[in-house]
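Taking it in order: structure first as structure tokens, then the write-up.
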Amino acid sequence: SDGLAPLMESMGMSIEEEIAEATHIALEMISNSDWERIYNKRGEILESLVIGGNISAEDAALYKNDDGAWVKELRFIWDELQTQARESAKSNEL
């Protein structure tokens with residue numbers, strides 16, 4: 001079923017543009033969230049990645065059973081997104 005594609009096209013946005021916009025919003029949200037807030041929501045974040053199919057079954061099992069490993073991975077992701085958000089902000093200023 002191609003339910004959303006015609007609607008989004010009629011709104012003038014392609015799937016790729018929608019994804020880019022959603023990614024931009026997510027980066028902005030994460031860049032404006034401090035590590036403590038992300039850390040406190042780590043269980044919810046992991047669960048949403050599992051439900052969304054954004055993480056392998058093996059990784060999901062590892063991170064659910066080893067909170068330390070998940071915290072380390074999540075911190076790495078957060079640091080990377082912070083760097084991307086700063087670089088994006090700099091390029092938007094130019």
Side-chain angles (χ1 to χ4, degrees):
S1 71
D2 49 56
L4 283 180
L7 175 63
M8 287 171 33
E9 286 173 16
S10 71
M11 293 170 43
M13 293 187 89
S14 68
I15 300 285
E16 292 80 14
E17 289 169 328
E18 269 301 295
I19 292 170
E21 179 67 14
T23 301
H24 172 75
I25 292 168
L27 282 173
E28 201 169 277
M29 287 173 57
I30 289 172
S31 70
N32 293 328
S33 293
D34 61 14
W35 169 245
E36 184 177 343
R37 187 171 177 192
I38 299 296
Y39 178 84
N40 289 335
K41 292 191 174 279
R42 69 190 180 281
E44 295 167 44
I45 294 168
L46 179 56
E47 199 57 40
S48 70
L49 290 172
V50 170
I51 290 168
N54 298 311
I55 192 169
S56 71
E58 295 82 16
D59 284 345
L62 168 69
Y63 296 143
K64 284 182 178 183
N65 292 315
D66 185 347
D67 190 56
W70 175 232
V71 169
K72 184 177 179 181
E73 179 67 15
L74 188 58
R75 181 64 193 228
F76 174 78
I77 294 167
W78 184 78
D79 286 341
E80 286 294 309
L81 291 174
Q82 290 286 305
T83 300
Q84 287 179 21
R86 282 192 299 272
E87 289 171 0
S88 177
K90 281 182 189 174
S91 67
N92 288 338
E93 290 173 3
L94 299 178

(request) Evaluate the side-chain proximity of Asp59 to Leu49: yes if any heavy-atom separation is below 4.5 Å, no if none is. (result) no
(request) Quick one: pull up CG in Asp66 and NZ in Lys72 and give me the separation to the nearest 0.5 Å. (result) 10.0 Å
(request) Identify, with sequence neighbours excluded, every residue that meets side chain to side chain contact (heavy atoms under 4.5 Å, CB included) alongside Glu87. (result) Thr83
(request) Quick one: which residue pairs count as a ring pair (Phe, Tyr, Trp, His ring centres under 6.0 Å) with a foot in residues 51-72, not counting sequence neighbours? (result) Tyr63-Trp70
(message) Could you work out, with salt bridge (charged side-chain N to carboxylate O under 4.0 Å, His left out) as the rule, every residue matching Asp67, not counting sequence neighbours?
(response) Arg42
(message) Would you say that Asn40 contacts Arg37 through its side chain, given a criterion of any heavy-atom pair below 4.5 Å between the two side chains?
(response) no
(request) Output all residues satisfying side chain to side chain donor-acceptor pair (under 3.5 Å) with Asp79, sequence neighbours left out; order by chain, then residue number. (result) Arg75
(message) According to side-chain hydrogen bond (donor to acceptor under 3.5 Å, both in side chains), does anything in residues 44-54 pair up with another residue at least two apart or in another chain? List the pairs.
(response) none
(message) Restricting to non-hydrogen atoms, name the atom on Ala60 and the atom on Val50 that form the minimum distance, rounded to 0.1 Å.
(response) CB-CG2, 3.6 Å
(request) Considering non-hydrogen atoms only, spot the tightest contact between Val71 and Trp35 and give its length. (result) O-CH2, 3.9 Å
(request) Find the distance between CG (Leu74) and CD1 (Ile45) and round it off to the nearest 0.5 Å. (result) 5.0 Å
